[in-house]
Amino acid sequence: MNSSNAASILEPQSRVQVDLSAFGQNVRTLKRLIPTSTRFCAVVKANAYGHGGIQCAKTALENGASFLAVVRISEAVTMRHAGITAPILLLGEALPEQVSFLASHGIRASVADIQAARALSAAAQALNTTLKIHIKLDTGMGRLGFLHPDVGISKSGNAAGIRQAAGIAGLKGLGVEGAYTHFAKADIIDKTHAKEQLTRFNEMVAMLTDMRIYPEIRHAANSAAVLELPEAHFDMVRPGVAMYGMAPSDEVDIARHKLTPIMSITAKIIYVKAVPENFSVSYGCTHVTTAPTVIATVPIGYADGYSRLLSNQGYMLVKGQKAPIVGRVTMDFTMIDVGHIPGVKPGDDVTILGPQGNERITADDIAGLTGTINYEVTTGLTGRMPVLH
Ligand SMILES: *Cc1c(COP(=O)(O)O)cnc(C)c1O
């Protein structure tokens with residue numbers, strides 16, 4: 001994409017800028033933490049957490065990743081249409097009618113129950129093809145996957161239990177390439193739960209072997225485990241958030257590893273007016289000035305994924321200074337008070353996320369103000385703003 005053209009056509013509008021060279025550096029930094037024989041699967045689901053799926057996928061592959069993971073088949077289709085040929089693991093559900101596309105495009109399906117495995121097998125056989133699958137094991141996340149026998153509902157067996165996976169060994173049309181699990185609490189300092197999950201994972205992989213199922217690629221590690229749990233690296237790791245330079249939680253120190261955020265959101269001020277004392281701003285008149293000041297209007301709103309919870313909270317950066325958000329964030333516009341910053345005029349740059357001068361607004365800052373996590377801040381960008389690389 002010619003990003004400079006896109007920028008000029010779309011002005012004045014807020015835009016997301018992603019620093020792909022810093023992204024590549026983050027990938028290389030993470031890669032150095034794992035053994036050279038361990039594959040690196042870049043998790044680029046949800047448009048690479050809002051950072052632009054195709055560009056991030058390509059950059060990750062250029063910097064040492066050899067596998068990609070997405071959740072929806074539409075995301076994998078987008079990658080293939082962009083000419084990306086690396087193996088893709090579908091973390092979500094695959095349907096029998098998708099087998100033809102999956103098998104012919106090198107997309108691996110996750111299998112988390114025996115009925116689904118049978119349906120995929122039947123579809124693959126009908127097409128005379130083999131679908132590569134990764135068996136998903138629920139070792140303590142409680143989301144998708146075969147369960148450990150310790151979690152059996154009754155002695156007679158659990159329909160979601162690992163013993164059901166034995167049936168996969170006899171299914172034609174399926175090739176077991178991998179087995180994996182996902183951590184629920186690898187991002188806290190106390191790794192007790194994560195280590196219990198690891199023990200279960202090792203036990204369940206051994207059970208698969210007993211069932212004559214031999215997954216060549218065992219994998220478990222999300223970003224937190226890549227950074228802090230080397231015994232979880234196995235044959236492949238699956239980092240997401242850390243590649244984008246964000247911490248998995250405030251208990252994981254990414255600065256120590258020199259991972260840097262790669263996203264900024266900027267706009268140009270579209271309107272400025274001097275207002276008197278006792279002047280109310282935006283819907284509900286929830287902000288009333290206590291002295292004469294200057295209010296600037298910025299073209300970003302909740303339709304862009306800029307949360308309305310930021311109303312009367314948080315700030316943007318103008319001329320390297322903090323400008324507080326005043327009044328409610330609206331669908332397309334947000335107002336900031338720039339009375340303390342001399343000479344602000346329409347066309348001036350505003351930083352909504354990222355660095356400006358000596359200041360920086362992080363996704364964590366915004367998440368703190370809106371009661372969520374950095375993942376939701378960047379992933380929540382609606383795609384309405386152009387993502388420039
Ligand atoms: C999202 C996801 C990841 C990546 O998690 P991060 O915390 O972003 O590193 C890895 N594995 C699975 C199954 C996921 O859903």
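Start at 1 with the first residue, then count along the sequence. One-based numbering, in listed order, for ligands and for the atoms of each.
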Could you verify whether a donor N or O on one side chain and an acceptor N or O on the other, from Arg39 and His219, lie under 3.5 Å apart? no

Residues which pass side chain to side chain contact (heavy atoms under 4.5 Å, CB included) with Glu93, listed by chain and number, not counting sequence neighbours: none

Under 6.0 Å from the CD atom of Glu203, do we count more than 12 heavy atoms belonging to anything else shown? yes

Looking at Asp349 and Lys268, is there a salt bridge between them, counting it only when a charged N and a carboxylate O are closer than 4.0 Å? yes

Main chain of His51, side chain of His389: is a donor-acceptor contact present, judged purely on distance under 3.5 Å? yes

Should the pair Tyr244 and Phe23 be assigned to parallel (<30°), tilted (30 to 60°) or perpendicular (>60°) ring geometry? parallel

Quick check on ligand 1: any N or O pairs to the protein under 3.5 Å? One line per pair.
| residue | atom | partner | partner atom | Å |
| --- | --- | --- | --- | --- |
| ligand 1 | 7 (O) | Tyr375 | OH | 2.6 |
| ligand 1 | 8 (O) | Tyr49 | OH | 2.5 |
| ligand 1 | 8 (O) | Val241 | N | 2.8 |
| ligand 1 | 9 (O) | Ser223 | N | 2.8 |
| ligand 1 | 9 (O) | Ser223 | OG | 2.5 |
| ligand 1 | 9 (O) | Gly240 | N | 2.9 |
| ligand 1 | 11 (N) | His182 | ND1 | 3.3 |
| ligand 1 | 11 (N) | Arg238 | NE | 2.9 |
| ligand 1 | 11 (N) | Arg238 | NH2 | 3.1 |
| ligand 1 | 15 (O) | Lys45 | NZ | 2.7 |
| ligand 1 | 15 (O) | Arg143 | NH2 | 3.2 |

